Amino acid sequence: MLIEYIEAINTFILYYLIVNSLCYLLLLTFSIPDVLQRFKEYEMETVKTLLKSYSLPPVSVIMPVYNEGNMALEAILSVLNSDYGNTNLIVVNDGSSDNSLQIIIDKFSMVRVAPLVKDRIKTYGKIKGYYISKIQKNLILIDKEHTNKSDSMNVGINTNRAPLFISIDSDTLVEPDGISQLIFYFLRLSYPVAAGGGVYVLNGCQFKDGKITDARMSHKPIHIFQSCEYLRSFLFSRSGWNTLEGALCYAGAFTLINNHSGMFIGGYDVDNLAQDFEIITHLHEYSREKGFPYNIGYSPAAIAWTDVPSTLREYWHQRINWQYYSIRSLLLHKKMLFNPRYGIVGLYTYPFFLFGEILGVFVEFTAYILFIISWILGILNFKWATLFFTLCFGFSTFLTMATALMSLATFNKYKRINDILLILIYSILENFGFRQYSVLCRVVASFKYLWDACFKKGSSLPFLPPSSTSS
Amino acid sequence: MLLSVLFTNFNDNMNRVDFAQIVIMIEFTLIFLIVILSYLLIFLIRFQRKKRLEYSRGIIFYLNQIIDRNGIPPRLKFKKSWKKIELIVPILFTFDKRFNNMLSWKKDRKTFCETILLPIAKKATTRKNWISRFYAAQAFSLHTDIRDEPYILKLLNDPVPLVFYASLESALKNASKNSIIKIVERLSKENWMTKSLFMEMFQSVPTTTRYLIEDVLMGSTIPMFRTTCYNILLQFKMNRLRWDMSKDLDSNFINLRIAALKYIAHTSFKEASFILVLHLKDKSWEVRTICLRLLGEIRAKKAIEPIAACLNDPDWWVRLASATTLRNFGKEGIAILESQQDKIHPDSVNAAYNVLNKL
């Protein structure tokens with residue numbers, strides 16, 4: 001009887017993995033023409049030529065800063081070094097307890113002036129100071145009470161006068177042509193609303209004054225594992241979603257949004273720490289409900305480098321938050337699920353994110369548990385186990401290798417062959433421990449969400465009223 | 001049902017295993033083939049790039065020949081392979097920067113544009129590739145004729161913002177009433193989510209274009225058109241009132257009311273103050289909010305009492321806008337905010353505290 005149950009679950013898991021892998025294969029197939037097209041434009045230096053030829057719409061870069069110290073300076077300098085001429089930078093100090101604020105004030109000779117913030121979106125943190133720079137005309141610094149990144153972004157949106165804004169993290173360095181690549185990609189979409197850029201792992205790279213002087217892979221395994229992950233997500237997965245009218249999530253470290261669109265949906269959700277996921281999903285939902293034609297896309301040619309967790313503990317906390325708040329976002333917009341009113345987003349994208357990305361961890365976790373139980377009971381079917389590992393690990397490894405080889409030929413940021421070899425080797429090694437750790441933390445996050453949903457009312461964020469729930 | 005079919009048809013363990021093995025093999029093979037194909041295409045792209053560099057050198061050589069021979073057509077023929085608009089236009093821009101002061105270059109350029117560039121640009125307006133259409137639009141800004149207007153008007157309908165932007169630039173250089181109507185029509189279609197990114201371009205157009213926009217506004221009865229015209233005119237400094245705005249200010253179309261209020265606030269401060277105060281009683285909270293903000297922008301301190309009265313508005317945004325405007329008025333306004341008593345005006349106190357706490 002037990003063997004029959006286990007076999008039935010094994011069959012379900014196998015079919016689930018087959019369907020899942022076919023979906024990823026579809027994404028890979030769709031990503032190739034898009035990546036090649038971006039690569040062609042990159043090779044033909046289309047953006048450089050366009051940059052020379054006419055005046056550009058203004059864009060504001062909004063950068064929330066919280067206890068980043070000198071790293072924030074590097075991030076600011078990387079934006080100021082951009083080859084896109086018409087950029088304003090709005091730095092929002094989210095009540096840093098270290099000397100981040102003073103470092104920025106001293107470096108850019110900032111002077112305090114009267115605040116010029118319109119309250120178009122409700123914000124919670126009290127604004128303590130508003131500064132402009134004597135040496136950098138396009139730099140504004142806002143000092144506010146500590147709340148969170150979403151609230152700081154909303155303060156930035158309230159200050160923004162440009163028709164576009166880009167959210168960049170304060171531990172992220174943008175390539176000199178990153179902003180121009182992103183904007184030109186955005187401006188070639190009909191009815192553009194948002195566009196995401198690619199993100200690589202900064203750890204291990206050498207940089208100075210906001211410029212990457214030597215892009216190299218870190219030697220810490222945890223960084224390399226995350227590099228594999230980011231490569232899979234950004235070069236292949238996000239590009240693939242372009243054909244399917246956009247993913248539900250782009251990196252909050254580097255995303256461009258039409259200012260009006262952002263304001264129309266009320267800015268970022270302050271009660272959500274996966275604010276990048278939430279805002280893009282919300283944009284999809286809102287646009288389709290109102291029947292507005294819109295486009296949300298991704299450009300692999302627009303690149304930024306971000307700091308990733310360096311210890312397993314930090315990684316755990318980050319992924320717990322991502323999984324927890326991603327589930328929250330998905331459930332907030334659950335009316336899209338299999339709803340033809342929302343087009344392909346409702347019929348394919350949303351279900352894929354829910355059943356593939358979010359709930360897929362439970363399937364994998366169950367498979368591991370069954371494997372252990374079967375082994376202990378001596379009823380392990382080795383052929384099934386081999387198939388499972390081939391499909392689960394082998395497919396993922398092969399996908400990462402394919403992506404690494406693609407990146408080698410196209411937007412190759414790692415010039416050393418050793419770095420590419422490291423990715424290829426670690427794409428195999430990540431299946432022995434790191435992947436399982438990642439699955440475990442996401443399962444824990446999911447159960448934590450379930451527990452909070454059943455027994456905890458209201459927001460867990462201290463600056464929000466206890467009865468506050470997100471609209 | 002599909003699952004049950006799969007389960008019943010594959011109730012033999014071996015069949016399920018075989019099926020899974022076949023699927024896995026197909027997937028891995030497909031990935032391998034995709035990578036191989038991609039590498040082949042990348043090789044092709046790199047080869048194309050080399051060819052383009054070759055063609056660009058040819059075009060530069062040809063143009064240099066024209067300059068050296070003082071306008072006499074060079075013996076060298078302009079090859080068919082060079083007739084790529086995405087190569088010619090950027091090279092022409094570079095030559096413009098280098099030889100801008102040369103009178104002979106302007107004549108040579110005109111001849112080159114008429115004989116070679118514009119025929120290519122006209123064909124490119126119908127291409128699927130947006131880059132070709134973009135450069136076609138730019139070509140018309142380099143050298144334009146009234147006979148080219150139909151092509152520019154066609155490009156003004158382009159869904160790609162960059163192409164629209166380039167054609168807007170061309171259209172505004174030699175604006176006619178037809179092109180202005182087309183521009184306004186296109187901008188009117190922009191929905192609130194994708195509002196035009198290129199309004200700033202109107203800041204650098206000649207005064208004659210502004211008059212054309214005013215004429216279009218005065219001649220149109222469509223509310224969306226009139227709204228768009230007002231929004232464009234707001235980009236100009238020193239506007240004027242040539243027409244009766246009363247119908248627009250009382251329009252049922254809320255966007256038109258807002259656009260007209262903004263226009264009057266930026267045009268005539270004296271009249272604006274009175275009209276904005278009147279509209280503080282508008283049925284729409286958006287209009288009331290905009291009026292309060294505009295009263296703050298034009299520093300209408302004489303209207304401080306009606307502004308303060310809006311602290312009791314039923315809508316949060318109106319109360320907040322009222323409190324913000326009072327704060328921005330300085331000591332007088334802050335005194336009013338601080339004087340709000342909890343027992344008398346609870347709504348006002350919320351707005352006041354919200355704004356004062358952000359000082």
Side-chain angles (χ1 to χ4, degrees), chain A residues 7-8 11 14-15 18 21-22 25 28-29 32 35-36 39-41 43-44 46 49-50 52-55 57-58 115 117-119 126-127 163-164 184 186-193 258 260-261 264 286-287 290 292-294 381 383-384 387 390-391 394-395 398-399 402 405-406 409-410, chain B residues 3 6-7 10 13 16-17 20-21 23-24 27-28 30-32 34-35 37-39 41-42 45-46 48-49 52 86 89-90 93-94 130-131 134 138 141 158-163 165-166 169 191-201 204 293 316-317 320-321 324 354-355 357-359:
Chain A
E7 252 189 44
T11 309
L14 200 63
Y15 284 142
I18 287 171
S21 60
L22 284 170
L25 192 62
L28 178 68
T29 315
I32 300 303
V35 170
L36 289 177
F39 174 66
K40 188 178 175 183
E41 286 170 9
E43 279 285 286
M44 306 301 181
T46 309
T49 317
L50 292 176
K52 284 182 212 165
S53 62
Y54 77 114
S55 59
V117 180
K118 283 189 181 175
D119 286 324
K126 173 183 160 182
I127 292 177
L164 305 171
F184 279 102
F186 180 88
L187 292 177
R188 66 177 283 288
L189 301 173
S190 32
Y191 307 106
V193 160
N258 181 312
H260 275 100
S261 314
F264 251 68
Y286 187 87
S287 306
K290 297 290 177 189
F292 292 142
Y294 78 104
N381 185 330
K383 206 146 193 184
W384 276 107
L387 277 174
T390 311
L391 204 48
F395 186 81
F398 213 52
L399 212 58
L405 291 170
M406 285 291 301
T410 55
Chain B
L3 280 172
L6 284 167
F7 274 101
F10 291 101
N13 208 17
R16 272 178 281 172
V17 166
Q21 278 176 335
V23 170
I24 290 167
E27 284 176 352
F28 278 48
L30 276 170
I31 294 175
F32 179 73
I34 284 168
V35 173
L37 183 68
S38 308
Y39 265 75
L41 289 169
I42 288 163
I45 290 168
R46 291 212 157 114
Q48 275 181 338
R49 184 174 183 243
R52 282 167 63 99
E86 55 267 23
V89 171
F93 275 118
T94 314
W130 72 270
I131 295 177
F134 171 79
Q138 287 221 301
S141 75
D158 204 284
V160 175
L162 272 177
V163 176
Y165 185 84
E169 205 175 19
N191 62 60
W192 281 101
M193 292 287 281
T194 59
K195 202 159 178 176
S196 180
L197 307 167
F198 306 121
M199 284 296 210
E200 282 193 8
M201 192 190 277
S204 55
R293 286 202 190 125
W316 160 258
W317 289 112
L320 188 61
T324 310
N354 193 54
V355 165
N357 279 338
K358 290 185 180 179
L359 270 174

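Because only heavy atoms are used, hydrogens play no part in the values below, and waters and symmetry mates are left out as well, while side chains stay in. We name chains A, B, ... by the order of the sequence lines, and we start the count at 1 in each one. Since the model is a prediction, treat every value here as computed from it, not as a measurement.
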_Residue B:Tyr39 excluded, over 12 heavy atoms near OH under 6.0 Å_ = yes
Can you tell me how far [atom2] of [Y] sits from [atom1] of [X], rounded to the nearest 0.5 angstrom?
{"X": "A:Leu28", "Y": "B:Ile34", "atom1": "CG", "atom2": "CD1", "answer": "4.5 Å"}
{"X": "A:Leu405", "Y": "B:Ile31", "atom1": "CG", "atom2": "CD1", "answer": "11.5 Å"}
{"X": "A:Met406", "Y": "B:Ile42", "atom1": "CE", "atom2": "CD1", "answer": "4.5 Å"}

_Can you classify the ring geometry of B:Phe28 versus A:Phe398 as parallel (below 30°), tilted (30 to 60°) or perpendicular (above 60°)?_
parallel
*Tell me, side chain or backbone of B:Arg52 under 4.5 Å from chain A's heavy atoms, or both, or neither?*
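Contact with chain A is through the side chain of B:Arg52 alone.
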_Does any backbone or side-chain atom of B:Ile45 lie under 4.5 Å from a heavy atom of chain A? Answer side chain, backbone, both or neither._
both
*Shortest non-hydrogen contact between B:Glu27 and A:Ser21, atoms and distance*: OE2-OG, 2.7 Å
*Which atom of B:Val35 lies closest to which atom of A:Ala402, heavy atoms considered*: CG2-CB, 3.5 Å
*Considering only heavy atoms, which portion of A:Leu189 lies under 4.5 Å from any heavy atom of chain B: side chain, backbone, both, or neither?*
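When you check distances to chain B, only backbone atoms of A:Leu189 fall under 4.5 Å.
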